[in-house]
Novice: 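Below you'll find the structure I mean.
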Amino acid sequence: MSAADTTTPAKVPPPRQAPPPPADEPPRVKRPSGGATVPWLLLAPCLLILALVMGYPLARLVTLSFQKFGQSQLWGFQPAESVGFDNFAKVLGDGEFWAVVVRTVVFAAGAVVFTMVIGMALALLLQRVSGWLKVLINIVLVASWGMPVIVATTVFKWLFDSDYGVLNALLSKVPGVDMIGHNWFASGPQGLAVIMLLVVWGAVPFVVITLSAGLTQVPKELEEAARLDGAGSWGVFRYVTLPVLKPIIVMLTTLSVIWDMGVFPQVFVMRNGHPEPEFQVLNTYSYDRAFVVNDYAQGSAIALITVLLLLGVVAVYMRQMLKIGEVE
């Protein structure tokens, strides 16, 4: 036997099969050139209007807050002088300013809490009433929301008038209660409570309408599943309704804080254009320093501090919305 007969023949690997042809890919949509600039072009008119309407006043406000600017400078008898942070030092070192800040924060917090609680209660109530009654309530809400602030303030002045007020007359009909001639504005807390009621009355319709729209997005299946698991009305509201409404509640709360921190016409008109010291809030205090004391620079400094406080509220709102977006 030869060596060739005893040698094991080498195995030849099988030929490779050709890969299957690729599936037909959908045609690629060609993006139009300049796609990133189109949104900015569409927003340009709105941004231009905002820059003209708000940009110059804000820049002028910042400039005045760092200057010495009174009537002499207003009429051109003396040039405006740069004083650095002196206006802010005077404002922040004034105890009356901090009293106004605390009063404004307490006022805004109370108004926001009452607005959100009453608005949520009315929105939940609207889900349980019949169709015609819901339409009637919505008409009343829109009518009260659309009422001008000056008109609403005049109505409240009449309701709480010490001599001809309807509220005093109605309360006096309760046995043992004598409110005839009672002056609701004799003290700051009572007067601010009346003004807070006015602010809440004007803000509740917007909250009710917005929350009612949000409640229509709550899945009924989740509510039924929660009830089958033994959850009561409070459990369904807490664990099903509130999580769905959380973005809307955060938005409404932030807007309410901004609006109530910046309240002006209600206090100004209710006190006949001359709010007493115990009725001063940040906006009326800034107006008083600028146009009553004629210290426009210090009034601008107070207004700028108010803007910074509101920007802090907006920053908290943006942070909460980003957290909600991450969770979703």
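Keep in mind that the numbers below use all heavy atoms, side chains included, and drop hydrogens, waters and symmetry copies. Along the sequence shown, the residues carry numbers beginning at 1.
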Novice: Are Val263 and Val204 co-members of a hydrophobic cluster defined by side-chain heavy atoms under 4.5 Å apart?
Specialist: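 Same cluster.
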Novice: Linking I/L/V/M/F/W/Y whenever any side-chain heavy atoms sit under 4.5 Å apart, do Val62 and Ile305 land together?
Specialist: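 Yes, one cluster joins them.
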Novice: Do Thr210 and Met251 have side chains that get closer than 4.5 Å, going by heavy atoms?
Specialist: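 A side-chain contact exists here, since the closest heavy-atom pair is under 4.5 Å.
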Novice: Verify the neighbour count for atom NZ of Lys134: are there more than 12 heavy atoms of other residues, nucleotides or ligands below 6.0 Å?
Specialist: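 For Lys134, atom NZ is crowded (more than 12 foreign heavy atoms under 6.0 Å).
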Novice: When rounded to the nearest 0.5 angstrom, what is the spacing between OH in Tyr285 and OG1 in Thr306?
Specialist: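 Taking OH in Tyr285 and OG1 in Thr306, the distance rounds to 11.0 Å.
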Novice: Is the shortest heavy-atom distance from the side chain of Ile49 to the side chain of Met54 under 4.5 Å?
Specialist: no
Novice: To the nearest 0.5 Å, what is the distance between CD on Gln190 and CD on Glu278?
Specialist: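 Reported to 0.5 Å precision, the distance equals 12.0 Å.
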Novice: So do the side chains of Ile195 and Phe107 get within less than 4.5 Å of each other, counting heavy atoms only?
Specialist: yes
Novice: Give me the atom names and distance for the closest heavy-atom approach of Val91 to Ala301.
Specialist: CG2-CB, 4.3 Å
Novice: Minimum heavy-atom separation for Ser162 and Asn183, please, with both atom names.
Specialist: CB-CA, 4.0 Å
Novice: Kindly indicate whether the side chain of Val281, heavy atoms from C-beta on, has any atom under 4.5 Å from the side chain of Phe264.
Specialist: no
Novice: Write down the atom of Pro265, the atom of Val149, and the distance for their closest heavy-atom approach.
Specialist: CG-CG1, 3.8 Å
Novice: Out of curiosity, Asp161 CG to His182 NE2, how far, rounded to the nearest 0.5 Å?
Specialist: 12.0 Å
Novice: Measure the shortest side-chain to side-chain distance between Arg289 and Ile302 over non-hydrogen atoms and say whether it is less than 4.5 angstrom.
Specialist: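 Yes. Closest side-chain heavy atoms under 4.5 Å.
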Novice: Using only atom types and a distance under 3.5 Å, with no angle test, would you say the side chain of Gln73 pairs donor to acceptor with the backbone of Gly70?
Specialist: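 Side chain of Gln73 to backbone of Gly70, a donor-acceptor pair under 3.5 Å: yes, one is there.
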Novice: Taking atom CZ as the centre, does Phe237 end up with more than 12 heavy-atom neighbours from other residues, nucleotides or ligands that are less than 6.0 angstrom away?
Specialist: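 Enclosed.
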Novice: Using 0.5 Å steps for rounding, measure from the CZ atom of Phe268 to the NE2 atom of His274.
Specialist: 7.0 Å
Novice: For Leu310 and Ile258, which heavy atoms make the closest approach, and how far apart are they?
Specialist: CD2-CA, 4.1 Å
Novice: Of all the heavy-atom pairs spanning Ser172 and Met179, show the shortest one and how long it is.
Specialist: OG-N, 3.0 Å
Novice: Rounded to the nearest 0.5 Å, what's the gap from CG on Leu197 to CD on Gln266? Could you check?
Specialist: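 Separation between the atoms: 11.5 Å.
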Novice: I need the Lys157 NZ to Asn272 CG distance, nearest 0.5 Å.
Specialist: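 It comes to 4.0 Å.
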Novice: Are Met261 and Tyr317 connected in a single hydrophobic cluster, I mean Ile/Leu/Val/Met/Phe/Trp/Tyr linked by side-chain heavy atoms less than 4.5 Å apart?
Specialist: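 Hydrophobic grouping puts Tyr317 with Met261.
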Novice: Does any donor atom in the side chain of Trp184 or Asn168 lie under 3.5 Å from an acceptor atom in the other side chain?
Specialist: yes
Novice: Centroid separation under 6.0 Å, is that true for the rings of Trp201 and Phe114?
Specialist: no
Novice: Could you check whether any side-chain heavy atom of Val101 comes within less than 4.5 Å of a side-chain heavy atom of Thr104, counting everything from C-beta outward?
Specialist: no
Novice: Does Ser144 use its side chain to pair, donor to acceptor, with the backbone of Leu141 at less than 3.5 Å?
Specialist: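 Checking the backbone N and O of Leu141 against the side chain of Ser144, a donor-acceptor pair under 3.5 Å is found.
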Novice: Any cation-pi pair here, Arg60 with Phe66, using under 6.0 Å and within 45°?
Specialist: no
Novice: In the single-linkage hydrophobic clustering (I, L, V, M, F, W, Y; side-chain heavy atoms under 4.5 Å), do Leu255 and Met318 co-cluster?
Specialist: yes
Novice: If you define the side chain from C-beta out and look only at heavy atoms, does anything of Val194 sit under 4.5 Å from Leu192?
Specialist: no
Novice: Of all heavy-atom pairs between Val207 and Gly119, which one has the smallest distance, and what is that distance?
Specialist: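 That closest heavy-atom pairing would be CG1-CA, 4.0 Å.
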Novice: Treat each ILVMFWY residue as a node, draw an edge where side-chain heavy atoms are under 4.5 Å apart, and state whether Leu242 and Trp234 are in one component.
Specialist: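 In one cluster with Leu242: Trp234, yes.
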Novice: Please name all residues satisfying ring-ring contact (aromatic ring centres under 6.0 Å, His included) with Phe97, sequence neighbours left out, ordered by chain then number.
Specialist: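 Once residues adjacent in sequence are excluded, Phe97 has no partner under the ring-ring contact (aromatic ring centres under 6.0 Å, His included) criterion.
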Novice: Does Val112 reach the side chain of Trp259, with side-chain heavy atoms less than 4.5 Å apart?
Specialist: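 No; the side chains remain at least 4.5 Å from each other.
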